Structures are given as C-alpha cells and as structure tokens.
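Taking it in order: structure first as structure tokens, then the write-up.
Labels below follow one simple rule: chain letters A, B, ... track the order of the sequence lines, proteins then strands, and each chain is numbered from 1. Quick caveat: nothing in here was measured; it's all calculated off a predicted structure.
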There are 2 protein chains.
Amino acid sequence: MSHSTIQQSSVRNGLLAALPPADWAHLGPHLEAVELPFDQTVHAAGGPVDAVFFIETGMVSILVTLEDGSQVESGIAGPEGLLGLTLVFGDSRSFTDARVQLEGTALRIGAAAFHTAMDRSPALRALLLRYALAFLGQVTQSGACNARHPIENRLARWLLTAHDRAGADEFPMTHEFMAMMLGVNRPGVSIAAGILNRAGLIRYVRGHMTITDRPGLEAATCECYHTVRHEYARLLGPRAAASAASGG
Amino acid sequence: MSHSTIQQSSVRNGLLAALPPADWAHLGPHLEAVELPFDQTVHAAGGPVDAVFFIETGMVSILVTLEDGSQVESGIAGPEGLLGLTLVFGDSRSFTDARVQLEGTALRIGAAAFHTAMDRSPALRALLLRYALAFLGQVTQSGACNARHPIENRLARWLLTAHDRAGADEFPMTHEFMAMMLGVNRPGVSIAAGILNRAGLIRYVRGHMTITDRPGLEAATCECYHTVRHEYARLLGPRAAASAASGG
DNA sequence: AAGTATTTGTTCGATTTCGAACGCACGGAC
DNA sequence: GTCCGTGCGTTCGAAATCGAACAAATACTT
C-alpha cells in the first residue's frame, strides 16, 4: 500500500481542514485518495463499513430502502462531511445506503487506522462528534419536512443543498432522481420544477440542471434549508455550512 | 444537594442497567430521581441543555417545531434511553423540543458530572454512542416513513412504539396529539383510528387508548416499526428494544 | 343537580399527490 | 444522414390527504 503522503494544507474536506495541525499526524499518513464515480454505492444498508471517506468533491446521498424497494433520502454529505459515520459511533454496520449522486473524490482511511486515530486524538473525536450531531440535525429536520412541506418547497430546498455541494451552477440531475430523493413520484417533481423554471429560478434540459437565481430559490424553499445550514454553521463553522463548495 | 444514593440494581433504565458495575461508580452518586410530569418540556429547541435524564418510566417525544408553529415528532425516548443526547456529542444546546407524553420518572445528572463520567468511563462512552446511533436510526427511518407510508400504517407503528414504553395496555392519548406527532391533520387520525378500532385492534374513548390486539397491530404497521426495533436490539440488546416496558 | 364552557371526535368539499400511460428528444449504429 | 433504441418530461383519472365547520361528550361552576 504505497500511496503518496497528503498534505493537510491541500485538502478540501471541511472536517480535515478544521483539524488542529498537531492532530493531522494521526490521520494524514493513512489517507488514500479515491474516486467517487457516479452512482457508486459506497456503503450498503445492512452491510459492513470498513472505512471512512472524507469527501473532497462531489455529493453523496444517504438513503433508506423501504420494503417496496423504493428509496428515500435521509441525508446528504459533501465536502463538509464524511461517509461511514457508524464508525464514529463505534459500530461497523451501515443502517443506510450511501450512493454517489455527483461524482467526485474522497480521502479514505481504513477502520483500524481510523479507530486508532480517534483513540489518540481528542480533537478529532470532538470534531467528528460535532459533525455527527449536525448530521442528526439534518436528518431530523428532513423528516419533519417530509411530513409537512409541499413538493415545490422541498424541491427548492434540495436544489440549494445540491448547489452548495456541486461547486458549480450547473450539474447533471434528472427529475426521476429528485423524485426518488424526495420520496414523491416523478410527475410531482416535473410540475414543481416547471414552476421553478417558469419563475426563472432554474433551467433544466434532459438531465441537466442549472441554478440561475439562487436568491430566488432561497425565497422559494421552506425554512428547513436555513435551519439545517444554521445548525451546521453553529457546530462546524460557517465554511462547513457553505460546504466548501462556493466557500472553499 | 442531599439526595439518597441510588443502587444500580434498582434502576429500570436500560442504559444504566447495561452499564458494567465497575463503571456505575462514575454515575450513580450523581443521579437524582426526578418526576416527568405530563406535558413538561424537558428541553426546548434552541435552549441550553444542562443535564441528562435517564428515563425510568414514561415516554418523551422529541419534536421539531416548524415555521408555521406546528410540531412533528422525530423520535421517541422511553426507559430504554435518555434525554439530553446533545451532551453525549459534546454540545450543550438542543436542536429539538423534548416533551413528556406519558408521565413518569427519570434519573437526572448534571452536565458537569456527566462529562466527567464520560471522560473516565470508556464503557459509558461506548454505550451512549451506541444509543445515539440507534436513535439516529429511529429518526432516519421515521423520516422515510413520513414521506412514503399512509397514515393508517404510521398510526399503528406509533401506537406500538408507545405501547412498548407505556408499560400498560391502556394509556391516555388523544387524536389531536397523535395527529401532531405524525404530522397529519386530526381527521386523518380519526379515520385511521376508526379502522383500527373496528378491526378490534384498539379501543379508545375520549383521550383514553387501549391496545386490545397487539399482534394485530404488528400486522397493521409498516415495516418501520420492526426495522427500528431490530436496530435497537442489535446495538443495545433485546431488552432495550422492548424498552424495559413489557420486557422489564 | 343543572347549566355552561371546553375539549374531543366526526363529517364534508377542496386540494394535493399518486400511479399509469403517453409522446418527445437525444445518442449510437449502419 | 437516417433509423432505432433508450430514457426523459408531460398529461391524465383515481386516490389519499387537507382545512374548516359540525356535533357530541366531559368537567367545571354555581
């Protein structure tokens, strides 16, 4: 296993960047740059988790699979976070699927080395527990949002969340995908997207989404977007809330 | 501060009961028995959290408050768990309301003593992190359930969850409350409850709910009840999944 | 014990959302 | 350049859910 050493100053991941330099020594030597190709299932529900992935670029959805085979997004991770949260809790089995929605790269560390680093670095423990709490906040708010808010607002929220992590105004995204993420049917998304489109907030053509009026989208979203972003900022700092995408 | 010393053998809380006796010394002397009166807000969203409450009896809902003032349940805690989870993560502010739905009692420990105990007892840390992960699983599954499952199934699920923690087949509960918990309107619950009632699974009269056919309810629930219960059992053992209520 | 205020459970029309079928646009093959 | 396969976005009737008004039962007051 001979991969080149990674410098902390060059990482784009918000958690790694926030780590005190003295604590970097516990992680850095064990990190390996890996690709996150589109649609890859990084972790599968019920399956083992043998590594943590600190996301450098791209976006990964955390998905619940229901009995009927449908999947619903419970959370999103991007350059502000990581995959393999169960290892932070001392467990090694995933409750959810983690699937790449926007391709990117990550820094991978095996479970054994990760646990050693966690044991030796109180700063790392504290940081990752704060991230876990922020993620819990996201999942919590999303659950209420699913129960109460109409599709149009939820779609605007989801687009903003994706925009934060995409690192560009334009990214590949289909109606069918967004419908699955939101747990609604495709036509529902088409109608909602049509409204946002006619309002000039977005443009989309055949699997190609463009954010054209971000302030407008922020006015169209339910409060859940801001609530979650505020919680991320509180626990991880403003840069994390911006997901290192535009803020990086 | 002169409260009588509590013996580990006498606690009904699943987490405290599962703690290795040697580690009890870090917590026991600081625990104080407190009441959980009906409708009390133990922690308020955005407010400080200055203590952890290990629930002995009763049931407490974890609630998200939305912009329109409505509240939606994101999770439930009973004798299998605790309140003040944010302290386990090293934070001291609550993202949600914690409100008592079925009165009971708890063992309270202040934040400072709790942190000291967490620092000194790896077993306590590991145990409470596993609980935090189980709770995250509950919130995650509930979010997907909110998005996809019809009211009747979700009501059956909620009643089973409450039954686990109520310690009795009969407990006070109104349609209005259940509607708020599920994030649906009152009539929706009335119709669903009427179906369960006519099927002989439950009886209810003016704020008084009786579970009359638990196996029938388990057949009427969506898979989410079993999924969450299974995750609790995996992480905390079968007794915790049964919530110490019937399994006590 | 009767009247009254309060809270609960039910019914109704309007809206949202669902699930299936339809027609269209791109990309590769020849 | 044209054909054809694949996948996308849109339209429709049906069902579930919503929000407001109604009716019934309890608890409090005198």
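- Atom pair B:His208:NE2 and C:dT7:P shows a separation of 20 Å (rounding to whole Å applied).
- Atom NE2 of A:His175 and atom C1' of C:dC18 are 18 Å apart (whole Å).
- In summary, A:Arg165 and A:Glu80 engage in a salt bridge, as defined by a charged side-chain N under 4.0 Å from a carboxylate O.
- At whole-Å resolution of the value, CE in B:Met180 and P in C:dT7 are 14 Å apart.
- Using a 4.0 Å cut-off between charged side-chain N and carboxylate O, A:Arg214 and A:Asp169 make no salt bridge.
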Decide side chain to side chain donor-acceptor pair (under 3.5 Å) for B:Tyr225 and B:Asp164; before the verdict, give the C-alpha distance in whole Å, the side-chain angles of both, and the deciding distance to 0.1 Å. CA-CA 11 Å; B:Tyr225 173 73; B:Asp164 285 339; 2.6 Å; yes

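- Nucleic acid contact class of B:Val184 (heavy atoms, under 4.0 Å, all strands): sugar-phosphate only.
- Applying a 4.0 Å cut-off to non-hydrogen atoms, the residues of residues 148-156 of chain B that approach DNA chain D are B:Pro150, B:Ile151, listed by residue number.
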What's the verdict on side chain to side chain donor-acceptor pair (under 3.5 Å) for B:Asp91 and B:Thr86, showing C-alpha distance, side-chain angles and the deciding distance? CA-CA 5 Å; B:Asp91 186 41; B:Thr86 192; 3.1 Å; yes

Please tabulate, one pair per line, all N/O donor-acceptor pairs under 3.5 Å involving side-chain atoms of residues 180-198 of chain A, not counting sequence neighbours.
from     : atom 1 : to       : atom 2 : distance (Å)
A:Asn185 : OD1    : A:Gly188 : N      : 3.3
A:Ser190 : OG     : A:His175 : ND1    : 3.0

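- B:His208 and B:Phe171 have their aromatic ring centers separated by at least 6.0 angstrom.
- Checking side-chain atoms of A:Thr57 against main-chain N and O of A:Thr105 turns up a donor-acceptor pair under 3.5 Å.
- Across all strands shown, A:Ser190 has heavy atoms under 4.0 Å from base atoms, whether or not it also approaches the sugar-phosphate.
- Closest to the side chain of B:Arg186, from the set D:dA20, C:dT8, C:dG19, is C:dT8.
- For the segment residues 68-76 of chain A, no residue has any heavy atom less than 4.0 angstrom from an atom of DNA chain C.
- Phosphate contact (OP1/OP2 of D:dT10, side-chain N/O of A:Tyr204, threshold under 4.0 Å): present.
- For A:His230, the NE2 atom sits in a loose shell: 12 or fewer heavy atoms of surrounding residues, nucleotides or ligands are nearer than 6.0 Å.
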